[in-house]
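Position 1 is the first residue of the sequence; numbering continues from there.
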Amino acid sequence: MFQSCVIQSYVLSVSQLCCVCVSPEEERRVRANDREYNEKFQYASNCIVTSKYNIITFLPVNLFEQFQEVANTYFLFLLILQLIPQISSLSWFTTIVPLVLVLSITAVKDATDDYFRHKSDNQVNNRQSQVVIHGSLQKEKWMNVRVGDIIKLENNQFVAADLLLLSSSEPHSLCYIETAELDGETNMKVRQSLSVTAELGDPNNLASFDGEVVCEPPNNKLDRFCGLLCWRDCKYPLSNHNMLLRGCVLRNTETCYGLVIFAGPDTKLMQNSGRTKFKRTSIDRLMNTLVLWIFGFMVCMGVILAVGNAVWEREVGSLFQSYLAWDLPVDNFLFSAFLSFWSYVIILNTVVPISLYVSVEVIRLGHSYFINWDRKMFCPQCNTAAEARTTTLNEELGQVEYIFSDKTGTLTQNIMSFSKCSINGHAYGEVIDPLGAQLDFSSFNPLADPDFCYYDNGLLKSVKLGDLHSHEFFRLLSLCHTVMSEEKKEGELMYKAQSPDEGALVTAARNFGFVFRSRTPGTVTVTELGRPVTYTLLAILDFNNIRKRMSVIVRNPEGRIRLYCKGADTLLFERLHPSNHHLMNITTDHLNEYAGDGLRTLALAYRDLSEEQWEEWSERHRQADRATDCREDRLADIYEHIEQDMMLLGATAIEDKLQEGVPETIAILSLANIKIWVLTGDKQETAVNIGYSCKMLTGDMTEVFIISGNTVLSVREELREWPSVGDKQQRPPPPGPPAPRPPSSTTLDSISGEFALVINGHSLAHALEADMEGEFVSTACVCRAVICCRVTPLQKALVVELIKKHKKAVTLAIGDGANDVSMIKTAHIGVGISGQEGIQAVLASDYSFSQFRFLQRLLLVHGRWSYLRMCRFLCYFFYKNFAFTMVHFWFGFFCGFSAQTVYDQYFITLYNIVYTSLPVLAMGIFDQDVPEQRSLEYPKLYEPGQLNLLFNKREFFICITQGIYSSVVLFFIPYAILSHGTQGTGEPLADYQTFAVTTATALVIVVSVQIALDTGYWTAINHFFVWGSVGTFFTIMLAMHSQTLFSIFPNQFHFVGSAQSTLVQPLVWLTIVLTTVICIVPVLAFRFLKLDLKPQLSDTVRYTQLVRQKTRKPAGRCMGGGRLGARGGSRRSGYAFAHQEGFGELITSGKNMRLSSLALANFASRHSSSWIDTLRKKKHSNTHPPQSASGESSPAPSYVSGSAPPLSNSSSLLGGSQDTPLEEGTHTLPIILPQVASGPPTNTPPTLAPAQVPSTDALTPTSVRSPGGDSVGGWNLSLGAVQVRYCHLL
């Protein structure tokens, strides 16, 4: 009751705020323990449904969805036409069998996917929770929980719904939660109930609780909650600090009780999940367009043939009416033409057969299994294999241009380790596991953490020898923190830190002999080199985002008072005593070195205080703490006053453990022209540090721009100032101050240098507004790296949607937590990391694996191959079907436009199902242009997919042109020869059946030879399918034309004996050979010319590999010595990313003294990846390539003519390729490079050097890239030059 008086004025302001946020009809009212009252509002239940079908709705809904596909509707229409005998010259089974097959396969796949959704929903909905009903606890399934119920939670349980915390077993009704499923952060957060409900810890008391909550409606804002609790005629304000959200896990708290406010789809977790979107590839969308075009083309051909039929029937057919009358109901030439049109629509429909869609699904299924079976994407530590959770997006993996990645758990392991330090000007930690000699702390310190790893014995010696500075350094680390400690058994300490980096520092102090043991609200107990010491804790000057530091004031047993401070060096150095100038310079050099290694740094300092100084400051602090207005500002001023004239102790460097291979993966994907954006809920400093660690950000960048405006105007101004900074680097500043202007694409394109952009969540909210989003996209896309920090899950999805909207590029989102689900669903491709943050991201993803490094193999190998195979498959498929179908069109001019087919109807039925289906399937599933290790070595091979060069409208028209040309040859060559040909007996060969058999045989042989030319990677399966299909054709044709089948089914097999009599004629075989040569030779000539004059990069790589194999020589490896790592770069404080507010106030109040601890992992293998700096420099060194003969920009680097760097294959770019090494040694290919000079262009080849990752080799990788992206035709390698040198080498 006393709280109502204290907060009376505050209640009014909160009430007004709620009224502003929501209108009265949209506010939520919840009464505890009163389901009847709450059900009047029809609030959502706690049941989660992510499935699409049930048993009743599956068939109609699934068929409705499938017939929304243009192709399926088209074939259904053709089936209806074929059921009309007056217009159908083909049997109905030629269409219905493939159509039913396609619908069935798709339905089975959809049913399987939805079954797993049902299974997941049932698993979640059937979890058990304890609900207070009539004064007792009863078990209820999650789906039966209702708004207004009171739930009991126990330690390590998931929160079932969004709850208002009522009471807890911890002192002062505190509870600790882990929010990894919501925001990806694994550090603990504290929640506290109102003191007025804290006493309701018994089910009987809770059963009588009838408080009513009035709050905002359901929304997706994770960090905000506005409401009031009305109980016993008093009103109490509620905030997010009182809420437990669904998806959180209760930690270190025995029990707590909560009132359900939002349930099921209304919870903030589900509000941030976004809707499941049906994803389709760009090839699917293009195929739909092409189907419409082909349908239009077919209609045009049908109209032409129908008009021909009308003219022929009027001019010629009328002469035969006396003995060859029209069939009923035809009574005039116009109606005959009308029926002829539909007949030709049926005959010509094979330009897009239904088997195309069956084949596409089979190929995609095969590609998905290849991903699932890839042992190089299997993580033995997690026992987790890669999984393709969808079969419809495989080729889209080969076209990705933007990757949006979460940070915590995706790029990092979220494990901090104490790496290096600087104490009184001496640097420690340079020794990094030279011989595996890890320091043994157990003999020196029995309380040491056995998981702690450190290798520099110099620091341990310094402590053992009694160096006062080292002792004071670790004493500070053991005292200046807000870590909680729990000692379940003697010597078995468990630390619970609000941030993993603070836990790493306390653990380091523990191992070097300064062991933090316990604390009370007024004391801190430490064991110093085996001697227990208790310090009086006088004050905690807590951390916040503005101070970026924390301090403690303690009194030692001797009565001396000292302030210990740790924080960001840029702020702490300003508060040092002037006598520290020399030491500060030395420490600054060390900090720069640590920053260059991507470590998170902190500076440490102390100040001795007299008793009078402490008493004076303490009184001022008490007054500021009791202030009712501007309390935070007053406290900040008081803190600022005492944190002056400090003495510098040194600095720490903490390594935030990246996942294995993250820097290498980012570098390789960058070389493949893939842009990577990091979208994280962490603070700016955390994100920036990780950016440096994974080499997204480097010290040699021109500028890292930070957008941190809090208003629309400030964000707009910062965005518009950015191009002017780039302008200043290129030209003198204008005489007057420049007027603000939006950055044009021309201005941005003209900016030289490498830039990075960092933007905060509140600034991003303004940048995503409709009138500013264009400026933001233009600016961000010029930068090499973009980091968005403090973003909400919905903002992540909005950023992805923004790029999809403005750049028309294929996007991929990768994350591991529930806070990434929205982003994963929004992107074209969603990838889930099966890590430590639950399975929500995996369940929402299209692909999943356990390590970020597998992404490069997923894209550069599986994605590129899938795109290549699908494109080759489609090109060949359209070619063979146009070659097959257009023969009917030419035949129409010679058969009176009667809709007579050229081929036997069984040949028409089996052509796409048997004779030509398996070879093209084998090519679509197994084909490769270069081996997998070459795909990883040459990331530029990925760019054709991004530019959509292998299958587009131009390539489609080339394919159908080749098909039409082949149809002309296939029809007119046999027609011209056979019309004047005779058998050996002198009988003419000019009969319909001989012509049909000859044309069909020539067609099968031509398309089989064509696919043999198109296949780039032969397997036993390819050989069996290609040549087996030809043999199958002859076998089936001879059987169909045999006397045996004719005698059994005389009305079905009309070509009896035709094959036997035709194929024994030499003239027929001469016709077939001539037709094949005329069809194939132009294709061969064109390809040889293209290969010689304008080869693709894959052609160059294959020839390079051939030369390597022929010139294999042993060669020594270059061993590089010294440390890897760039020196320099900006220092980055590691403390600023600890947390929003520290535990300081909580500790001094004594409210948390029963907090238990959680062991922290302290070490993982360290990745030295500074070679990426060199790799990126080489990548961007060729900014002005020469112009090729075609006028295109050549990607060749500008070396002096006559000198070429060796083509080295001594190491592989990806760990996976190490299992299949190239060749031993380093080989040199003497290729002369073009000079950058005016004059006639030359056909000299570019130097191709694979991007390499040296482990111990000091190799300089060479990457080749032209500004703006290269087309495949931009790789101008003269194969003649290669062949000349190749012959010379032989």
Where is the tightest heavy-atom contact between [X] and [Y], given as atom of each residue plus distance?
X    : Y    : answer
P931 : W865 : C-CZ2, 3.9 Å
A107 : F58  : O-CZ, 3.4 Å
H828 : V810 : ND1-CA, 3.6 Å
I824 : S845 : CG2-CA, 3.7 Å
T384 : S834 : CG2-OG, 3.5 Å
L798 : L768 : CB-CD1, 3.8 Å

Just verifying a value: how many Å separate [X] [atom1] and [Y] [atom2], rounded to the nearest 0.5 Å?
X    : Y    : atom1 : atom2 : value
L356 : L290 : CG    : CG    : 10.0 Å
I787 : L679 : CD1   : CG    : 10.0 Å
I925 : H367 : CD1   : NE2   : 6.5 Å
I666 : L658 : CD1   : CG    : 8.0 Å
K695 : E664 : NZ    : CD    : 10.5 Å
C379 : R853 : SG    : CZ    : 6.5 Å

Next on the checklist: Ring-plane angle category for Y402 and F404, please: parallel below 30°, perpendicular beyond 60°, tilted otherwise.
Outcome noted: parallel
Next on the checklist: Can you tell me how the ring of F776 sits relative to the ring of W677, calling it parallel under 30°, perpendicular over 60° and tilted otherwise?
Outcome noted: perpendicular
Checklist outcome for this item: For N948, the side chain to side chain contact (heavy atoms under 4.5 Å, CB included) test, sequence neighbours excluded, returns Q399, Y867, N952
Next on the checklist: As a quick check of understanding, evaluate side-chain contact (heavy atoms from CB on, under 4.5 Å) for N383 and S850, giving each step before the final call.
Outcome noted: CA-CA 9 Å; N383 194 31; S850 60; over 6 Å; no
Tell me, do [X] and [Y] make a side-chain contact under 4.5 Å, heavy atoms counted?
X    : Y    : answer
C871 : I283 : yes
W293 : T289 : yes
C875 : F951 : yes

Distance-only, no hydrogens or angles: does the [X] side chain make a donor-acceptor pair with backbone N or O of [Y] under 3.5 Å?
X    : Y    : answer
S778 : G774 : yes
Q946 : N673 : yes
E387 : F849 : no
Q66  : L103 : yes
N122 : H118 : yes
Q795 : G761 : yes
K52  : R117 : no
D820 : D816 : yes
R285 : R280 : yes
T73  : F67  : yes

Next on the checklist: Restricting to ring-ring contact (aromatic ring centres under 6.0 Å, His included), what partner residues turn up for Y942, sequence neighbours left out?
Outcome noted: none
Item to check | Stepwise side-chain contact (heavy atoms from CB on, under 4.5 Å) check, I403 with L859 | outcome: CA-CA 11 Å; I403 292 177; L859 299 184; 3.8 Å; yes
Checklist entry - Do D406 and K796 sit within salt-bridge range, that is, some charged N less than 4.0 Å from a carboxylate O? => result yes
Next on the checklist: Less than 4.0 angstrom from a charged side-chain N to a carboxylate O is my criterion; do D284 and R364 meet it?
Outcome noted: yes
Next on the checklist: Under the side-chain contact (heavy atoms from CB on, under 4.5 Å) test against Y847, which residue among V842, L855, I371, N372 passes?
Outcome noted: I371
Next on the checklist: Check whether Y938 forms a cation-pi arrangement with R934 (NZ or CZ under 6.0 Å from the six-membered ring centre, at most 45° off the ring normal).
Outcome noted: no
Checklist entry - With sequence neighbours left out, which residue pairs that include part of residues 786-811 fulfil the ring pair (Phe, Tyr, Trp, His ring centres under 6.0 Å) condition? => result none
Checklist entry - After noting the C-alpha distance and the side-chain angles of M923 and R869, does the key distance pass the side-chain contact (heavy atoms from CB on, under 4.5 Å) rule? => result CA-CA 7 Å; M923 182 179 70; R869 292 162 176 168; over 6 Å; no
Item to check | Donor-acceptor side-chain pairing of S51 and D114 below 3.5 angstrom | outcome: no
Next on the checklist: If we count only N and O atoms by modelled type, under 3.5 Å, do the side chains of D927 and T1015 hold a donor and an acceptor together?
Outcome noted: no
Checklist entry - Any chance OH of Y115 has more than 12 other-residue heavy atoms, nucleotides or ligands included, within less than 6.0 Å? => result no
Item to check | Residue pair L941, S1098: steps toward the side-chain contact (heavy atoms from CB on, under 4.5 Å) verdict | outcome: CA-CA 7 Å; L941 288 167; S1098 57; 3.9 Å; yes
